Participant: 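One structure coming up, written as structure tokens, with questions to follow.
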Amino acid sequence: QVQLVESGGGLGQAGGSLRLSCAASGRTFSTYAMGWFRQAPGKQREFVAAIDWTGSNTYYTESVKGRFTISRDNAKNTGYLQMNSLKPEDTAVYYCAADQSPLSMRYSGEYDYWGQGTQVTVSS
């Protein structure tokens, strides 16, 4: 089992920045790929970014490329999502997820472990 706890959400302004953290406990987080997903009101959960267990390979949805950066610190069992140049359309509940070997880093169904989510609201 892996337990995930997100933090760092809140209210941000358009053009501003927020950093989300995902603290993992339980089995060795360093062997798990990690993803960030988000769900806006009335919409389906969507992929945002993912990183493999080594931290060498990262993946982003097109709408956040160049603005968001995913990273991880395996020594701290923590993953991060740095969000810059925020837009009102980034408003959503953000979830981190982990899986040891997802066949597709972009597909939520491949992840076995999920955090409870953290709200991000971006004002214009």
Side-chain angles (χ1 to χ4, degrees):
Q1 289 283 343
V2 173
Q3 292 80 41
L4 304 173
V5 178
E6 303 96 335
S7 62
L11 179 64
Q13 290 189 333
S17 299
L18 286 173
R19 188 174 84 154
L20 304 183
S21 297
C22 177
S25 60
R27 293 187 176 179
T28 308
F29 176 66
S30 61
T31 64
Y32 283 69
M34 185 188 75
W36 286 95
F37 294 78
R38 66 186 180 187
Q39 188 167 17
K43 295 187 177 181
Q44 290 188 333
R45 189 171 300 187
E46 66 171 354
F47 169 76
V48 177
I51 187 168
D52 70 2
W53 68 274
T54 69
S56 298
N57 297 296
T58 57
Y59 310 85
Y60 297 93
T61 193
E62 196 64 34
S63 63
V64 308
K65 281 183 180 178
R67 300 190 299 121
F68 291 10
T69 303
I70 189 171
S71 63
R72 65 191 298 158
D73 185 340
N74 287 338
K76 295 183 178 180
N77 278 357
T78 303
Y80 304 97
L81 184 68
Q82 177 68 43
M83 306 187 293
N84 298 331
S85 302
L86 286 166
K87 302 177 179 180
E89 50 263 44
D90 294 322
T91 295
V93 177
Y94 283 71
Y95 300 88
C96 68
D99 194 87
Q100 200 154 26
S101 55
L103 294 179
S104 170
M105 303 280 277
R106 299 172 182 267
Y107 179 46
S108 61
E110 291 290 330
Y111 290 84
D112 284 339
Y113 304 103
W114 290 82
Q116 82 288 352
T118 186
Q119 176 70 46
V120 171
T121 303
V122 182
S123 62
S124 58

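Since the model is a prediction, treat every value here as computed from it, not as a measurement.
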Participant: Taking D52 for its side chain and G55 for its backbone only, find out whether a donor-acceptor pair lies under 3.5 Å.
Facilitator: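 Such a contact is found between D52 side chain and G55 backbone.
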Participant: Under 3.5 Å, is there a donor-acceptor pair between the side chain of Y60 and the main chain of I70?
Facilitator: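 Answer holds: yes.
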Participant: Within the side chain of T91, is there an N or O that forms a donor-acceptor pair under 3.5 Å with the backbone of V122?
Facilitator: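 Side chain of T91 to backbone of V122: a pair is present.
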Participant: May I ask you to decide if the ring planes of Y94 and F68 are parallel, tilted or perpendicular, using 30° and 60° as cut-offs?
Facilitator: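 Ring orientation, 0 to 90° scale: tilted.
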Participant: Can you run down the disulfide bond (SG atoms under 2.5 Å apart) pairs that involve residues 29-77, sequence neighbours left out, and say none if there aren't any?
Facilitator: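 Listed once each, the pairs would be none.
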Participant: Taking the inter-plane angle between the rings of F37 and W114 on a 0 to 90° scale, is it parallel (under 30°), tilted (30 to 60°) or perpendicular (over 60°)?
Facilitator: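 If you compare the ring of F37 with that of W114, the planes turn out tilted.
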Participant: So does C96 get a backbone contact from the side chain of Y113, meaning a donor-acceptor N/O pair under 3.5 Å?
Facilitator: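 Side chain of Y113 to backbone of C96: no pair is present.
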Participant: Do the side chain of N74 and the main chain of W53 share a donor and acceptor less than 3.5 angstrom apart?
Facilitator: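 Present.
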Participant: Do the side chain of E6 and the main chain of G117 share a donor and acceptor less than 3.5 angstrom apart?
Facilitator: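 Yes.
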Participant: For Q39 and V93, indicate whether the former's side chain and the latter's backbone hold a donor-acceptor pair under 3.5 Å.
Facilitator: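 No, Q39 side chain to V93 backbone: no donor-acceptor pair under 3.5 Å.
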Participant: State which residues pass side-chain contact (heavy atoms from CB on, under 4.5 Å) with D112; sequence neighbours excluded, sorted by chain then number.
Facilitator: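 Per chain and number, D112 pairs via side-chain contact (heavy atoms from CB on, under 4.5 Å) with D99.
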Participant: Just so I know, are the side chains of M83 and V120 near enough to count as touching, which here means a heavy-atom distance under 4.5 Å?
Facilitator: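 Yes. Closest side-chain heavy atoms under 4.5 Å.
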